[in-house]
Structure formats: structure tokens, C-alpha cells
Student: 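I'd like to ask you about the structure that follows.
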Amino acid sequence: MAVERYNPKQAEKRWQRRWEEERTYETDNESPKPKYYVLEMFPYPSGRIHMGHVRNYALGDVVARYKRARGFNVLHPMGWDAFGMPAENAAIQNNIHPRDWTYANIDAMRKQLKSMGLSLDWSREFATCDVDYYKQQQALFLDFLAAGLIYRRNSKVNWDPVDMTVLANEQVIDGRGWRSGAVVEQRELTQWFFRISDFAEDLDASLDTLDGWPEKVRTMQRNWIGKSRGIEIPFPLVKPQGEIDTVHCFSTRPDTMHGASFIAISPDHPLSLELEARNADLAAFNAECRRIGTSEEALEKAEKRGFDTGLKVRHPTEDRDLPVWVGNFVLMSYGTGAVFGCPAHDQRDLDFARKYDLPVRNAFYLVGDRTPVLDEALVPAKSETVVYVDHFAGLTEMTGQEAIDRTIAWFENKNLGNGITRYRLRDWGLSRQRYWGAPIPVIHCDDCGAVPVPAADLPVELPADVTLGKPGNPLDHHPTWKHVGCPACGKAARRETDTMDTFVDSSWYFARFTAPWHDAPTESAVASAWLPVDQYIGGIEHAILHLLYSRFFTRAMRQTGHLDLKEPFRGLFTQGMVVHETYRAERNGKSEWIAPADVVIEEKEGQRQARHVGTGEPLLIGSIEKMSKSKKNVVDPDDIIDGYGADTARFFMLSDSPPDRDVIWSEAGVEGAHRFVQRIWRLIGEASESLKAAEARAGSEGRALEVSRASHKTVKAVGEDIEKLAFNKAVARLYELVNTLAAPLSDVVAGKADADLAAACKQAAGHLVQLFAPMMPHFAEECWNLLGNDGMVATTPWPEHDPALVIDDQIVMPVQINGKKRGDLTIDRDADQSAVQQAVLSLDFVQSALGGNVPRKLIVVPRRIVNVVI
RNA sequence: GCGGACGUGGCGAAACUGGUAGACGCAAGGGACUUAAAAUCCCUCGGCCGCGAGGCUGUACGGGUUCGAGCCCCGUCGUCCGCACCA
């Protein structure tokens with residue numbers, strides 16, 4: 001009987017409608033089942049989903065569906081990270097309101113996501129630009145402010161001259177704005193800050209508990225927090241000329257004190273500022289340093305420049321003085337803004353010393369090698385044993401680390417300095433001079449200062465009418481919005497016109513999903529029961545900022561009673577990118593990118609050649625790169641879903657490449673996935689009538705038993721693979737099972753199978769459908785129906801494997817002679833050592849290899865391998 | 001410079017805890033069916049030698065440990081990622 005080809009278009013629509021009608025994926029907070037929270041990083045509503053989204057949500061949906069089938073109460077929500085600059089840019093370019101642009105994009109993308117058939121609870125959907133969401137965020141702000149977790153101060157800020165906004169340190173990459181790429185300038189502004197640095201120790205220490213995170217991400221966070229143990233040592237000025245009489249230096253290597261030959265302070269160090277007022281040359285030097293600042297070119301040149309102040313400080317342990325220099329390489333933002341220079345054991349200090357002719361003194365030598373430092377600083381690992389020159393803190397022959405510990409203790413003992421732990425992590429500036437963000441709920445009064453908006457007056461809503469495109473802050477330009485009475489004294493006052501960094505929005509959305517209808521940021525008990533997110537899935541690009549901010553927010557929300565836990569994400573998975581070949585045409589002497597949709601690939605004698613589909617011109621096949629508009633190597637998910645169906649697209653995304661690696665999108669690969677779908681459809685379709693008549697049970701002997709063994713083994717293995725997110729392996733096992741089932745199924749169709757084999761095939765076919773259901777949910781429902789089942793696979797419990805069927809009675813053991821495989825031994829699984837040995841020695845090829853002799857050794861690894869050593 | 005990950009066929013990749021290297025897929029080649037094409041099915045597919053059975057060799061490179069190494073140890077080379085005037 002011929003079976004028509006599977007038509008995903010109709011089937012997928014039909015099942016999506018049914019799931020929606022039956023609210024199959026809506027989650028009940030009251031369910032007694034154990035909870036499981038799966039979350040993919042929510043998208044920015046740019047207008048269309050791209051293949052990266054398809055991969056992200058396909059991965060998460062497998063987990064969600066699998067856990068649901070395993071009996072968990074699964075929370076799998078979706079929302080929109082909807083504030084941000086692209087909406088303002090679009091507004092300026094297309095003369096459309098940011099709100100309208102954003103919500104239209106959300107509508108379009110929601111429709112696309114729905115066409116993927118994801119098992120999402122859409123009833124919990126929200127966008128961060130919804131008034132209700134940012135109202136709750138403002139409530140959080142007020143609570144954080146009251147708890148002292150937010151403060152306001154003047155600060156030098158990173159100013160992006162293109163986007164005309166302030167950037168957090170984390171948003172400055174190589175001296176440029178993370179979004180605009182413009183060289184960042186320094187400006188002085190009054191800004192709101194989160195006290196994230198107060199949590200530095202806990203954020204660092206707690207990384208050790210996150211064993212469900214990739215080591216790589218933990219390392220990146222650890223580096224970012226930048227904990228370092230050191231000491232702060234005061235160096236008294238020999239002849240103070242102003243108010244400052246001591247320079248405090250931070251050092252992680254106080255054991256090298258004997259090698260100190262100068263002090264270097266930052267141009268912005270208080271002492272430098274004091275001197276600058278009286279010394280025009282220094283003022284000029286400092287101005288030059290500030291001008292170059294942290295821009296990329298300055299970092300590249302990295303030329304050490306210094307200015308001798310003429311001042312001297314007293315060495316704390318020796319009878320000598322050290323000159324005080326201002327150095328362009330000393331950062332005010334790290335440590336104390338002052339360091340002692342030890343040229344012998346620091347390459348940067350050595351370069352500086354050589355340039356300005358300062359002494360180079362070894363504080364230690366390598367064991368048995370007293371060559372003094374010349375052009376290369378001596379910087380052995382802290383674990384290496386070295387010989388110290390000066391024995392001031394009891395330093396002799398010991399490791400660097402030992403010496404550091406001793407020195408710190410010694411300084412503390414003598415009251416000459418304090419051991420101190422420093423972090424690179426700075427407080428998080430959250431003020432942005434933008435319109436499309438959550439307004440900061442504060443009112444500035446000339447008499448009362450910065451007054452929080454009373455909770456009852458929330459939300460502070462964005463005005464609908466706004467003029468964008470003028471430099472500066474749009475809310476500040478607004479004719480009326482900012483003018484309000486002071487909540488404290490009633491006098492005329494002004495609203496804060498800055499809005500919050502959009503990273504704030506994404507720092508707690510995962511908590512909001514647990515009760516998005518609640519008239520408070522969270523329903524604390526509910527949120528604490530759902531959290532942490534059991535499996536969070538997203539791109540590695542968020543390894544530092546978003547995840548660190550969310551970890552901070554969870555702590556801050558705990559402190560303010562909104563949650564009761566520390567770590568928001570128990571399991572984290574960072575997926576790889578979707579990449580694609582690039583194509584180029586030479587036109588009028590210029591090279592132009594060509595979209596994959598316009599390319600035909602031909603293969604001739606192993607050579608791949610590309611042609612333009614319209615003009616026929618030959619094209620260059622370029623490198624494989626992340627899909628991007630500029631290189632035109634994007635494939636539109638809509639086209640794929642339209643052509644092959646969502647299931648095929650999802651299945652391809654899960655096949656072949658491990659999910660944490662980049663996946664190369666290829667037409668051939670998608671077609672392969674599609675062929676597999678059609679093959680299953682044919683096999684099940686042809687056999688469906690016979691299978692319906694059969695009973696579903698495991699076979700007891702012969703081929704039926706083999707079929708059952710194969711299917712039960714696959715059930716076990718696929719479950720384990722999904723638990724480990726090794727979807728590519730799970731897919732391979734499904735292929736294997738289908739390959740195994742093909743012949744028995746066609747025998748069933750041909751009437752050549754007995755009742756036992758038919759029963760085993762029926763059960764195996766059912767297993768197969770259930771196993772791929774999390775990956776290809778619509779197709780699975782169709783097949784499930786075809787097999788004569790009434791309910792939906794989506795609500796059917798995961799199959800249990802029979803332990804007896806995953807173990808073979810007979811096993812095949814490879815037999816090696818001197819470590820090289822020479823044959824196999826088929827033997828009872830439970831055969832004991834001596835039985836195996838006997839069987840091995842009686843094998844023909846073993847006997848002929850032995851030539852009548854006794855083996856020197858006979859190694860039997862139970863159930864694995866035999867090695868005969870001659 | 002510091003930190004991390006990785007290196008397996010033509011390609012994407014498997015290989016449990018040191019135990020048959022290359023499962024599974026893609027591409028390719030050959031064949032069947034067909035008036036033809038599509039679709040489908042069958043066979044081959046790391047390299048070298050051999051008619052064949054089979055043998056040798058092979059997981060970036062050089063050593064080592066082991067009955068046995070893709071996996072462990074030492075060294076070298078290469079690729080990718082993160083951080084970086086961090087004291």
C-alpha cells in the first residue's frame with residue numbers, strides 16, 4: 001500500500017491549534033508534581049526570529065517536553081526583552097513610535113515562534129516594556145534604594161558619543177561602546193549605582209557551588225570579579241609639601257619589597273592632583289595622560305611614561321628613600337592608585353626603570369642562579385621556590401606564596417600595613433539618558449534632595465509623546481513630564497529623567513515568570529518554590545554581564561524579601577552559534593556578498609562549485625561564518641519551516657553537532673533530516689493497519705526479542721542522552737533504531753511476521769514515536785494517531801525500559817593477542833573468569849598463535865575484552 | 001602577558017571509568033527499479049599492500065607509563081575563546 005508523503009504544513013497547524021485549545025502547555029503553580037523550570041534567554045524583539053533563536057528554543061523545548069513526560073510540573077515561559085536603543089533608532093528612521101515598533105515586532109515574532117510548535121506557557125508572556133512589568137521593576141528599585149543597595153554619586157562615566165549615553169564598564173570593549181563601536185569618552189555625571197561590589201566576595205565564592213555551569217563561564221566570571229589578595233602599605237613622604245603626607249600602595253607581592261626602587265602614582269591620585277595645582281609641567285603631563293585615557297590606540301602603544309615629582313617617600317623596611325613618580329600606566333580605579341615599582345620582578349616596572357634610569361635590585365634569585373636581572377624581569381610562578389636576598393620578614397629559601405603570606409603577617413604585626421582583598425568588579429551604573437527604558441522612580445527637590453516616588457504613585461509611566469533624535473536625553477526635553485511636586489514637601493520639583501539600563505530588565509524576568517499576574521514584583525513563596533531555573537539555555541555572549549547581574553539581583557531581592565535564594569540558575573547551558581558558508585560575486589571589479597537563497601551548489605568530481613541562481617555567474621565560496629545580515633549568509637527560518645516544516649528544522653538543529661558547538665547550516669543537512677521524517681512516515685504508514693491489529697508488548701524470543709531489545713536499549717540511551725543534553729547522540733540512536741526496525745516492519749506488512757514479532761514491532765514503533773516526540777512534536781502526534789492511540793504523545797508519560805531487555809545474554813568480547821585485536825569470542829554474559837579463559841584458549845586463532853605454548857599472561861576484563869600476552 | 005577550551009576520515013561527529021577507533025549522518029562512487037526523471041532500495045567508502053583470506057598502518061607531532069593509550073604523564077606545534085597597563 002502506497003503511503004502519501006507526510007505534509008507538515010497541515011499537520012503542524014492542526015496540532016498547534018489543538019495544543020492551544022486544550023492549554024496543553026499551561027503550567028499550574030499548585031501542581032503537586034515536582035517542579036522543573038526550563039528557560040531560554042528571552043529574545044530582543046528585533047522583528048524576525050533568526051536561526052540562532054530556532055536552535056535556542058529547539059534545545060529548550062526538548063528538555064521541557066522530556067521533563068514533562070517524565071512527570072515534572074514544567075515551567076517553560078516566554079517573554080520579550082523589549083526596551084533598548086534599536087526601538088529609538090527605528091523610531092527616528094521610520095517615524096514610528098518606539099512602542100508601536102516594539103509591539104508590532106513582538107506580534108510578528110510571536111507568530112513565528114508559535115509556528116515552531118514550542119511547548120511554551122504563553123499565558124505568562126510579558127514584555128519588559130509592559131507598563132506592569134516596569135512598574136514592578138520600579139517597586140524593586142525603591143526597595144533596593146531603601147535597603148541601601150542603590151546609591152547616587154558623581155562619577156566619571158563612559159560616554160558613548162554616538163549613542164549619546166552612559167555605558168557600564170562591562171559595556172566598554174577595548175575602549176569602544178559595545179553597541180556603537182565608537183571610542184568612549186570620559187564625562188562627569190551624577191549617576192545611580194547598584195552596590196554590586198558589596199557582593200563581590202559572595203559572587204566569587206559562590207561560583208564554586210555552581211557545578212551545573214560550564215567551567216568556562218565560571219572562569220570568565222571569576223576573572224571579571226578579579227579577586228586578589230594583597231596588602232596596603234603606607235609610605236610616608238619624607239618632606240610633605242601639602243596636606244597629603246603618606247602614599248598608600250597596594251601590592252600583591254610585598255615579598256619583593258627589597259627590590260622597590262620607586263613609587264608610581266596615577267595622574268588622578270590625590271597627591272598628583274594636589275601637586276598639579278602648583279606645577280604646570282605636571283598639569284600638562286596629566287592632561288596628556290587623561291586625553292589618551294583608555295582608548296584602544298593608547299593600549300596598543302602601551303608606552304610607559306612618567307613624571308618625576310621630586311618628592312621622596314621612606315622605604316618601610318630599609319634605610320633609604322624612594323622617588324615618587326606619576327605614571328601613565330597606573331590606574332586610579334584599581335587598588336589605591338599607587339604602586340611601588342619593583343623592576344627586577346615586574347616587566348612593566350623594568351621597562352619604566354630602564355627608560356628613566358632607576359635602580360634594578362633583585363629581591364630574590366632562582367635557586368643556584370645569582371644572575372642579576374638585566375632586560376627581562378624575573379617572574380617565577382608563586383609556587384616556585386626562590387632564594388630571598390633580604391631576610392626582613394624571615395624570608396629565606398621558600399616559595400613566593402609562602403613569602404607573600406609571611407610578609408603580610410609581618411607587616412600587620414608591626415602595624416606597617418594591612419592585608420586586604422581587592423576586586424576588579426566595580427559598582428554597576430544603571431542610569432541611561434534614553435527614552436525607551438524604565439523610568440527611574442525618583443523626584444529631585446531643591447530642598448529635600450532626591451526623593452523616592454511613593455510606592456502608591458507607581459508606575460512612573462513613560463510619556464507617550466516624545467521627540468527623539470535630538471542629542472541628549474529625550475525625557476529631559478519633554479515639555480511637561482518632568483515637572484511634578486515634591487512628594488516630601490510639595491514644592492515644585494523635577495522627575496529623574498534618566499531611565500534604567502536594559503540589563504536591569506533582564507536581571508529578574510525569570511522570577512517574574514513564576515507569577516506574572518501578581519501585584520508585586522514576585523509572590524515570594526511561589527518564586528522561591530520555582531527557582532532556581534533548573535536549565536537555563538542561551539548564548540555564551542551573556543556569560544559575564546547578564547548572568548552576573550542576575551546573580552546580584554537574586555541576592556538583592558533576597559535581602560529585600562522578594563525571593564529566598566542566592567543563585568538563580570542551577571543549570572546553565574551555552575549553545576553554539578548557527579553558521580553558514582558565505583558566497584561572493586565579482587561585479588564591476590568589486591566583491592559583493594550573495595545570499596544563500598540565490599546560490600546553487602553543484603558538485604563535480606568532488607569539487608563544489610557555486611553559481612548564481614538568476615544570472616548563472618560563477619561565485620566564490622567563502623569562509624563559514626556566523627549568520628549576519630552584512631555577509632548576507634542568513635537563512636530565514638520562515639522559509640525553512642514553510643518548505644520542510646518546523647519539525648524538520650528542529651530535528652536538523654539537534655542532529656550532528658553537539659549543542660555547545662557551532663552548527664553549520666546546510667541545505668543538504670536539512671534535506672537529510674527531511675528524508676528521515678519521510679522514511680519514518682512510510683515505515684509506520686505502511687505497517688499501521690497491521691500494527692493496529694497487534695498487541696503492544698515485548699517479544700519473547702527470536703527476532704521479536706531482538707526488536708524489543710533494540711527498542712528498550714534505545715529508550716534507555718535516548719533518555720540518558722537527553723538528560724545530558726547530548727541531543728546529537730540521541731538523534732544517532734533514533735537513526736539506528738529505525739535502521740533496525742525497517743526489515744521487521746516490512747515483514748509485518750508482507751504478512752511474514754508472527755504475532756510475537758508484530759507485537760514487538762508495535763511496541764518498538766510506539767517507543768520510537770515517543771522518543772522523537774520532544775524533538776518533532778507535531779510529527780510525533782501524527783504518527784501516534786497512525787498507530788491507533790487516542791490521546792496525545794505530548795501528555796503521555798515517557799516509556800520505561802525493561803532492565804532485563806537492555807542486557808544481552810550473550811556478549812561478544814574482542815580477543816587481542818599482544819594488544820592487537822585478532823578475533824571475537826561470543827560467550828554467556830555471566831560466564832566467570834575461568835570459563836572465559838578456557839573458551840579463549842580453545843579458539844583456533846589463539847591456539848595457532850600460541851603454537852602449543854602457554855601464554856605469559858591472560859588478561860580478562862569482565863564483559864569487555866580479553867588480551868592474550870605471548 | 002594571564003586564564004580556559006580544543007586538535008579523530010572528504011565533511012559534521014561517536015568512542016562508557018584506560019579496553020574492538022570512526023557508531024550515526026552528510027557528501028561521493030557503483031548498482032537496481034523507471035520510457036525518463038524524481039522518490040525509493042542495495043553495495044562500497046581512513047591510508048597502504050593483496051585476486052583473496054588477510055596483513056600493515058592510522059586519533060596534530062616527539063617521547064613515556066601500561067598486557068592494552070584517541071583517553072593518563074612530560075615536551076613541542078597549531079587553532080579558538082575570555083581577560084588584560086590589575087600592581
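These values consider heavy atoms only, across backbone and side chains, with no hydrogens, waters or symmetry-generated copies. The chains referred to below are lettered A, B, ... by the order of the sequence lines, with proteins before strands, and numbering in each begins at 1.
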Student: Contact class for A:E736 (heavy atom, under 4.0 Å): base, sugar-phosphate, or nothing?
Tutor: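 Sugar-phosphate, no base atom in range.
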Student: With heavy atoms under 4.0 Å as the rule, sort A:R856 into base, sugar-phosphate or nothing.
Tutor: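 If one applies the 4.0 Å heavy-atom cut-off, A:R856 turns out to touch nothing in the nucleic acid.
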Student: With sugar-phosphate meaning primed atoms plus P, OP1 and OP2, does A:S657 contact a base, only sugar-phosphate, or nothing at under 4.0 Å between heavy atoms?
Tutor: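 It contacts sugar-phosphate atoms only.
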Student: Choosing from B:A15, B:C81, B:C26, which nucleotide comes nearest the side chain of A:K216?
Tutor: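 Taking heavy atoms from C-beta onward, the closest nucleotide is B:C81.
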Student: Heavy atoms only, 4.0 Å cut-off, all strands: where does A:D346 land among base, sugar-phosphate and nothing?
Tutor: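 Nothing: the residue A:D346, judged by heavy atoms under 4.0 Å, touches no strand.
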Student: Could you check how far OH of A:Y334 sits from P of B:A87, rounded to whole Å?
Tutor: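 It is 5 Å, rounded to the nearest whole Å.
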Student: With the side chain of A:N328 defined as its heavy atoms from C-beta on, choose the nearest nucleotide among B:C24, B:C85, B:U20.
Tutor: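 Closest nucleotide among those given: B:C85.
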Student: Would you mind classifying the nucleic acid contact of A:V330 as base, sugar-phosphate or nothing, using non-hydrogen atoms under 4.0 angstrom?
Tutor: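 The residue A:V330 makes base contact.
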Student: Think A:R422 forms a cation-pi with A:F250, using NZ or CZ under 6.0 Å from the six-ring centre and within 45 degrees of its axis?
Tutor: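 Positive - A:R422 is close enough to the ring of A:F250 and near enough to its axis.
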Student: Syn or anti for B:G25? Use the chi torsion, O4'-C1'-N9-C4 for purines and O4'-C1'-N1-C2 for pyrimidines, with syn inside 90° of 0.
Tutor: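 B:G25: anti glycosidic orientation.
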Student: Quickly work out the A:E581 CD to B:A27 C1' distance and round it to whole Å.
Tutor: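 Rounding to the nearest Å, CD of A:E581 and C1' of B:A27 are 13 Å apart.
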Student: Using a cut-off of less than 4.0 Å, is there contact between a side-chain N or O of A:K820 and OP1 or OP2 of B:C56?
Tutor: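 No, outside the criterion.
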Student: Report yes if at least one side-chain N or O of A:R864 is closer than 4.0 Å to OP1 or OP2 of B:G68; otherwise report no.
Tutor: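 No, A:R864 has no side-chain N/O under 4.0 Å of OP1/OP2 on B:G68.
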Student: Can you figure out which of B:A23, B:G25, B:A87 approaches the side chain of A:N739 most closely?
Tutor: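 Among the listed nucleotides, the one closest to the side chain of A:N739 is B:G25.
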Student: Using a heavy-atom cut-off of under 4.0 Å over every strand shown, decide if A:R661 touches base, sugar-phosphate, or nothing.
Tutor: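 Touches sugar-phosphate only.
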Student: In sequence, state the C-alpha distance, the side-chain angles, and the governing distance for A:R679 and A:N739, and then conclude on side chain to side chain donor-acceptor pair (under 3.5 Å).
Tutor: CA-CA 10 Å; A:R679 186 176 177 212; A:N739 290 343; 2.8 Å; yes
Student: What's A:N728 touching, base or sugar-phosphate or nothing? Going by heavy atoms closer than 4.0 Å.
Tutor: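 Sugar-phosphate: the residue A:N728, judged by heavy atoms under 4.0 Å, touches backbone atoms but no base.
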Student: Between A:D204 and A:R424, does any side-chain N to carboxylate O distance fall below 4.0 Å?
Tutor: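 No, A:D204 and A:R424 are not salt-bridged.
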Student: Ignoring the backbone of A:I544, work out which of B:C67, B:G25, B:C83 is nearest its side chain.
Tutor: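 So the side chain of A:I544 is nearest to B:C83.
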Student: In whole angstrom, give the distance that lies between atom CG of A:L741 and atom P of B:C24.
Tutor: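 The distance from CG of A:L741 to P of B:C24 comes to 15 Å, rounded to the nearest Å.
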Student: Expressed as a whole number of angstroms, how long is the span from A:F676:CZ to B:A39:P?
Tutor: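 Checked: the CZ to P distance equals 18 Å.
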Student: Of the nucleotides B:G25, B:C67, B:A13, which one has an atom closest to the side chain of A:D656?
Tutor: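 Of B:G25, B:C67, B:A13, B:G25 is nearest to the side chain of A:D656.
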Student: Can you check the A:D721 CG to B:A23 C1' distance for me, whole Å?
Tutor: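 It is 12 Å, rounded to the nearest whole Å.
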Student: To the side chain of A:L331, which of B:A87, B:A13, B:C24 is closest?
Tutor: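 Of all the options, the side chain of A:L331 is nearest to B:A87.
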Student: A:K821 near the nucleic acid: base, sugar-phosphate alone, or nothing, with a heavy-atom cut-off under 4.0 Å?
Tutor: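 Base, at least one base atom sits under 4.0 Å.
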Student: Ignoring backbone atoms, test whether A:Y735 places a side-chain nitrogen or oxygen under 4.0 Å from the OP1 or OP2 oxygen of B:G25.
Tutor: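 No, outside the criterion.
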Student: Taking 4.0 angstrom as the limit, do A:E720 and A:K716 come out as a salt bridge?
Tutor: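 A:K716 and A:E720: salt-bridged.
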Student: Counting only side-chain heavy atoms from C-beta out, which of B:A14, B:G19, B:G3 sits nearest to A:N223?
Tutor: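 Of all the options, the side chain of A:N223 is nearest to B:G3.
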Student: By nearest atom, which of the nucleotides B:G12, B:A14, B:C67 is closest to the A:I664 side chain?
Tutor: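 For A:I664, the side-chain atoms sit closest to B:G12.
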Student: Base, sugar-phosphate, or nothing for A:R733, non-hydrogen atoms under 4.0 angstrom?
Tutor: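 The answer is nothing, as A:R733 stays clear of every strand by at least 4.0 Å.
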Student: What integer distance in Å separates A:R822:CZ from B:U20:P?
Tutor: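 It is 15 Å, rounded to the nearest whole Å.
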Student: Can you see if the side chain of A:K857 gets near the phosphate of B:C67 - specifically, an N or O under 4.0 Å from OP1 or OP2?
Tutor: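 True: A:K857 side-chain N/O within range (under 4.0 Å) of B:C67 OP1/OP2.
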Student: Counting the atoms with a prime plus P, OP1 and OP2 as sugar-phosphate, which does A:V861 contact under 4.0 Å by heavy atoms, base, sugar-phosphate, or nothing?
Tutor: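 Base contact.
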Student: Whether A:R675 contacts B:G25 is assessed here as follows: a side-chain N or O lying under 4.0 Å from the phosphate OP1 or OP2. Is that the case?
Tutor: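 So the side chain of A:R675 is outside the cut-off, no N or O lying under 4.0 Å from OP1 or OP2 of B:G25.
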Student: Rounded to whole angstroms, how far apart are CG on A:L350 and P on B:C85?
Tutor: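 Distance, rounded to whole Å: 20 Å.
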